[in-house]
Each structure stands twice: as structure tokens, then as C-alpha cells.
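Shown next, in C-alpha cells, is the structure this report addresses.
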Amino acid sequence: MKDRLFIFGPGVLKPYRNLGAQWIHSPEDALDAVAQEPPVRRELTLQEPQVLYGGAAVAPPLSPPAPARRADCRLLALEPVAPPRLAFLRHVFKSVIADAELLDLNELWEVLDSPNKRDLFVGGVPDREDHALILYRGDFTSMVVPFEWFEPRPEAGAPDWARFQVTDYGQTLRMGEYEAAADAILYEFDPVFRREAKTRLFEADDSFGAALRRLRIQRGLRQSDFFPISAKEVARIERGEVGSPRRSTMLILGERLGVAPEEIASY
Amino acid sequence: MPYELPLPERVKEQGWKVKIRDKERLEPPHATILRRTQAWRWDLRTRRFMDRTPSPNEVPKEALDSVQAQHAELCRQWDAMYPENPVRAE
């Protein structure tokens with residue numbers, strides 16, 4: 001079943017009309033829309049029908065939605081949502097993005113309309129208590145990235161989480177003076193993206209040694225950082241001079257690189 | 001602080017940007033050409049596009065000329081941001 005997207009926002013926004021949206025003003029309307037068959041769309045390039053949900057302060061209705069309907073509807077809140085209403089919306093919709101720092105609205109609708117929306121971020125929430133960034137992708141899936149992954153850089157310093165923004169049509173995260181590439185995050189934390197990214201390369205060195213080298217460099221490690229494996233041995237593995245590293249070697253490599261040994265080759 | 005390559009005004013107005021950000025995939029060193037929801041990675045070692053898709057043909061000549069003309073500056077910026085993996089590491 002195709003997913004449907006609902007947007008909770010401050011009035012009918014012109015760009016969203018292009019998404020073939022239906023505007024809704026209350027929780028009752030939201031329930032009705034969830035219960036409806038997807039609206040017939042005209043001249044749309046979208047994969048999925050879209051519905052907008054306008055936020056009027058109306059009490060949730062008494063009748064709960066049919067559980068089967070919940071499975072195919074998602075909601076993006078453009079305005080802050082009070083906790084009681086959020087609980088209600090989470091009951092109604094399969095997934096809810098609420099209280100997130102979102103892309104500029106003009107960029108947001110274009111991302112939602114993009115064929116590669118899964119590879120773009122629409123918003124995020126820095127969770128300072130847990131030192132993690134929750135990120136939402138254009139297909140509404142989420143991912144969690146530890147703050148520590150964003151190492152301070154000489155000129156940019158450390159990320160300023162109070163100034164978190166998603167920009168460049170979901171391709172860049174900005175934290176004050178610090179910017180992170182969306183593709184770097186996806187490559188690190190999404191094995192599917194990593195696999196697809198490798199198929200897009202003009203010149204892909206798919207050898208284990210090349211993957212080890214890429215991952216080692218990404219981690220900021222030297223060939224001498226894998227004791228008790230010698231730097232010379234690591235160099236030989238990276239050059240492809242070792243047919244298939246022993247299990248004990250793989251375990252050490254994986255442990256130092258922070259990945260499961262069998263994942264090294266995917267980088 | 002990210003580095004953004006200066007581009008001709010006309011190219012900028014079309015939404016093109018060329019950036020090296022503070023957190024990138026490190027290998028190989030590259031600059032990213034961005035326009036709206038799409039991105040093209042430019043390998044600073046080989047001076048070629050890294051990815052088949054999106055098609056490199058979509059990048060206008062004027063933007064690519066700027067990247068080529070300012071190659072040395074892009075390399076300098078990359079090396080300053082990522083001294084642990086400089087462009088001339090091979």
C-alpha cells in the first residue's frame with residue numbers, strides 16, 4: 001500500500017498545492033482523510049498522494065481511527081504541536097515529524113517532490129540530553145547520529161547545536177559555522193545508501209583493501225593504529241596482497257574501525 | 001567553516017554552488033557541486049566527476065570552467081580542512 005503524506009501547517013501554502021494536496025483543518029478532518037481512499041491526482045509526478053493538515057485548535061474527536069488505516073499515513077508538522085495533540089496525532093498516523101527544525105518551506109516541498117527524497121534530509125532535532133541528532137529524510141524515515149561523529153574542525157570549531165539548520169535542499173546540515181554533508185552521514189549510517197553510492201561510481205575499486213583504506217581514512221586512523229597487526233601488514237591488506245585476512249585479523253580491524261568485521265567491505 | 005567557491009553571478013543565480021563542507025566523506029578528496037536537490041562530486045585528485053548519476057552533462061560549462069580554473073584553491077582549501085587526508089596523499 002502506498003504511503004500518504006499529511007502536512008500540519010499554518011495555512012494553505014502555495015507550493016504545497018503543487019503536490020496535489022488536500023487541505024484539512026481539524027483532527028476530525030484528519031481522521032476523515034485517513035479513512036478516505038487516496039485522492040485522485042491530476043498532472044502529478046509524485047509517487048504518492050499528498051494531503052495537507054492545517055492546524056486549528058480543535059479537541060481530538062472521540063472516535064479513534066481504524067488501526068488498519070494508520071499504517072499508510074504520515075504527518076509532517078510545520079508548526080509546533082502541543083504534547084496532548086502530538087500523542088493523538090501519533091495515534092492516527094504511521095509516523096509523525098513534529099517539533100523538528102525543518103528545511104525552508106520552499107525547499108521542503110521540492111524535496112518531498114524529488115525522486116531522490118530518501119537521500120535528502122527534511123529536518124532534524126538535536127537531542128542535547130542524549131548527545132544525538134535525530135534526522136528525518138524526505139521519505140519520512142529517521143536516523144540517529146551521535147554528536148561525537150561531528151568532530152570539531154580547525155576553522156569551524158565544534159558544531160553549534162543551538163543553531164542547527166537543514167539547508168541546500170536537504171543536502172547540508174548547518175550547525176553555526178559548521179556544515180556537514182548529508183551524503184557523508186548517509187554513507188556512514190545507512191548500508192543501503194552506501195551500497196547504492198558505490199554503484200554510482202565511475203571508477204569503483206570494490207576490493208576489500210580499498211574499502212579498508214577508505215574506512216580507515218574516514219576514521220582518521222593510521223596504518224600503525226591496529227596493534228597487534230603491524231602497519232606493514234595493514235598496508236599489504238590495503239594493496240590487495242593478502243588474499244583473505246584471517247578471522248582474528250578481521251576482528252581487530254573491525255574493533256578499531258568501530259564496525260562489524262563483515263561490514264568493512266561495504267565501505 | 002565550509003568553503004564555497006566563488007562562481008560567476010549568472011551561474012549562482014541559477015542555484016549552483018560548489019562547496020567543501022566540514023564533514024565530508026574523506027576519500028577521495030573532492031568538492032561537491034550542488035544545485036537544488038542534486039549533487040555532483042568532483043574528484044580533486046583526478047579532476048573528474050566521481051559519479052555516473054546525476055549525469056555530469058547537467059553541470060553547465062560555465063560552472064565547470066570555474067571549478068577547473070580554481071582547482072588549486074579547492075585543493076588548498078581541502079588540505080586546510082582535512083590535513084589528515086591531503087589531495088596529494090598518493
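No experiment lies behind these values; they were computed from the predicted model shown. Letters A, B, ... mirror the listed sequences (proteins, then strands); counts begin at 1.
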Bottom line for Tyr187(A): the part with an atom under 4.5 Å from chain B's heavy atoms is side chain
Cut-off 4.5 Å, heavy atoms of chain B, and the answer for Asp168(A) is both
Classify the ring geometry between Trp78(B) and His30(B) as parallel (under 30°), tilted (30 to 60°) or perpendicular (over 60°). tilted
Taken to the nearest 0.5 Å, the spacing of Gln165(A) CD from Glu101(A) CD works out to 6.5 Å
**Report entry** Carboxylate-amine/guanidinium proximity below 4.0 Å for Arg45(B) and Glu27(B)
**Finding:** yes
message = For the residue pair Arg194(A) and Tyr267(A), would you count it as a cation-pi contact if the rule is NZ or CZ under 6.0 angstrom from the ring centre and within 45 degrees of the ring axis?
response = yes
Test side chain to side chain contact (heavy atoms under 4.5 Å, CB included), reference Val122(A), set Val166(A), Leu135(A), Ile97(A), output is Ile97(A)
By residue number, those in residues 216-226 of chain A with heavy atoms under 4.5 Å from heavy atoms of chain B are Ile217(A), Gln218(A)
Turns out that what part of Thr172(A) lies under 4.5 Å from chain B's heavy atoms comes down to both
Honestly, the part of Asp183(A) sitting under 4.5 Å from a heavy atom of chain B is both
So, the part of Glu24(B) with a heavy atom under 4.5 Å from chain A: the answer is both
Listed by number, the residues in residues 56-64 of chain B that come under 4.5 Å of chain A (heavy atom to heavy atom) are Pro56(B)
Assert top hit (heavy-atom pairs under 4.5 Å, partner chain B, pool Arg174(A), Glu107(A), Glu177(A), Arg153(A)) equals Arg153(A)
Applying a strict 4.5 Å limit to non-hydrogen atoms, the region of Leu120(A) in contact with chain B is side chain
ask   = Do the ring planes of Trp161(A) and Phe150(A) sit parallel (below 30°), tilted (30 to 60°) or perpendicular (above 60°)?
value = perpendicular
cation_pi(Arg214(A), Phe208(A)) dist<6.0 Å, angle<=45: no
